[in-house]
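First comes the structure, then the notes that go with it.
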Protein chains: 2
Amino acid sequence: MENVLAELLPQLTRLSNTLGRGRLYERARAGAGVTLERPAMTILMILNAAGEPLRIGEIANRMQVEGPHVTRQVQVLEKDGLVERVVDPADARARLIALTNRGQDAASQYLAVVLGWFAEALSDWPAADRRDLTRLLARMVDDLSTHLASLD
Amino acid sequence: MENVLAELLPQLTRLSNTLGRGRLYERARAGAGVTLERPAMTILMILNAAGEPLRIGEIANRMQVEGPHVTRQVQVLEKDGLVERVVDPADARARLIALTNRGQDAASQYLAVVLGWFAEALSDWPAADRRDLTRLLARMVDDLSTHLASLD
DNA sequence: TATTGTTATACTCTATAACTATA
DNA sequence: TATAGTTATAGAGTATAACAATA
């Protein structure tokens, strides 16, 4: 198996670079009608995927970054009217970060562009292959995340 | 398909963050016996995968970064004795970057640690699933790269 | 006393512009 | 005149340390 994975690793790196950086990101971001730095957009995506307001610390966990970084990005998002910060009713130390309507729209539109790219790129695929890929890929990410977390 | 991919996208981002950043990277790097910044290690991996010396510009292409970034990283690698720079015999303007023995060892050992993580995480998988995943994932990365490149 | 978040600061990563050398 | 690479500089991304407020 290792030989196959050895080929895969650079490809995964390349894919994540392609999607996460450079002009391609600018193009997808333009579709969202906003001008945000990448980590700020990542926060919108995380809130969108969560479907509920999240704490600063929880966002930092999911991004796998330190707290202060999230604090600053959220300040920009709040200034732009894309998120709101409310005191957590369960704990006055914490803040809950929620998408505003504008923030929800931006997240949805950004996601639509990127998913559209995926759909176009894979339009020739047999449906069975698409199903298999998403199933196996989800499981891999799951198993790998669990395993890597267990190393600490 | 799009709903499944919508869940997958943050997971892919998270996976690439997990592998590419933070203490996990430090641990894999320690296995390689060197102390390099991430982009420098990426260059070692690219040269290792290529199996032959590459030009600065070609490395920049594969990393999807601009030239000056590669120049500086290569200067560090050369100072550490992990790569050599020789004038391209075919074009005296260009430089060919080649792994030294030490650089080859560092790349191999780093790769062994990361591939070991993959192998452990997927150890319970049926062989057929592993084969299917690598085959489909390679094809996806390929098709997606082609499609995204065609957008420019 | 421990935890959530913020402020201040510094380091890493990457891009752009100006330049040198060769084609 | 165009191309490969380098040097210089600036901006984006992230971490660490010190602090404030609440638990």
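Note that these values count all heavy atoms, side chains included, but never hydrogens, waters or copies made by symmetry. Naming: A, B, ... by sequence-line order, numbering from 1 per chain.
When heavy atoms are screened at a 4.0 angstrom cut-off, B/P68 is found touching base atoms of the nucleic acid. Contact annotation for B/E66: base contact, defined as any heavy-atom pair under 4.0 Å involving a base atom.
Within a heavy-atom distance below 4.0 Å of DNA chain D, the residues of residues 70-87 of chain B found are B/T71, B/Q75, B/R85. Near-neighbour residues of DNA chain D inside residues 46-62 of chain B, defined by a heavy atom below 4.0 Å, number-ordered: B/R55, B/I56, B/G57.
Residues B/Q104 and B/S108 have side chains that bring a donor and an acceptor to within less than 3.5 angstrom of each other.
Here A/R95 contributes atom CZ and A/D88 contributes atom CG; the two are 9.5 Å apart, rounded to the nearest 0.5 Å. Put simply, OG1 on B/T100 and CG on B/L47 are 10.0 Å apart, with the number rounded to the nearest 0.5 Å.
Closest heavy-atom contact between B/W125 and A/L136: CH2-O, 3.4 Å. Counting all heavy atoms, side chain and backbone alike, B/D91 lies closest to B/R55 at CB-NH2, 3.5 Å. Closest non-hydrogen pair, A/W117 versus A/R27, comes out as CZ2-CD, 3.8 Å. Contact between A/V114 and A/A28 at its shortest, heavy atoms only, is CG2-CB, 4.0 Å.
Atom pair A/Y25:OH and D/dG13:C1' shows a separation of 12 Å (rounding to whole Å applied). One interatomic measurement links the two molecules: CD1 of B/I97 to C1' of D/dT6, which rounds to 12 Å at whole-angstrom precision. The separation between A/L36 atom CG and D/dA12 atom P is 13 Å, rounded to whole Å. Atom CD1 of A/I43 and atom P of D/dG13 are 11 Å apart (whole Å). To the nearest angstrom, P of D/dA15 lies 15 Å from CD of B/E37. The interatomic distance linking A/R95 (CZ) with C/dT3 (C1') rounds to 13 Å, in whole Å.
Scored by the side-chain hydrogen bond (donor to acceptor under 3.5 Å, both in side chains) test, B/E58 finds B/R62 as partners (sequence neighbours excluded). For A/R139, the salt bridge (charged side-chain N to carboxylate O under 4.0 Å, His left out) test picks out B/D129, with sequence neighbours left out.
Residue B/L144 is tested with B/V141, B/D142, B/L148 for a side-chain contact (heavy atoms from CB on, under 4.5 Å); the sole match is B/L148.
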Pull out every protein N or O sitting under 3.5 Å from an N or O of nucleotides 21-23 of chain D, one pair per line with the distance.
from   : atom 1 : to    : atom 2 : distance (Å)
D/dA23 : OP1    : A/A92 : N      : 3.1

Got a list of side-chain donor-acceptor pairs under 3.5 Å for residues 67-87 of chain B, not counting sequence neighbours?
from  : atom 1 : to    : atom 2 : distance (Å)
B/E78 : OE1    : B/R85 : NE     : 3.4

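Nearer the 5' end of DNA chain D, as judged by each residue's closest nucleotide, is the contact made by B/G67, out of B/E26 and B/G67.
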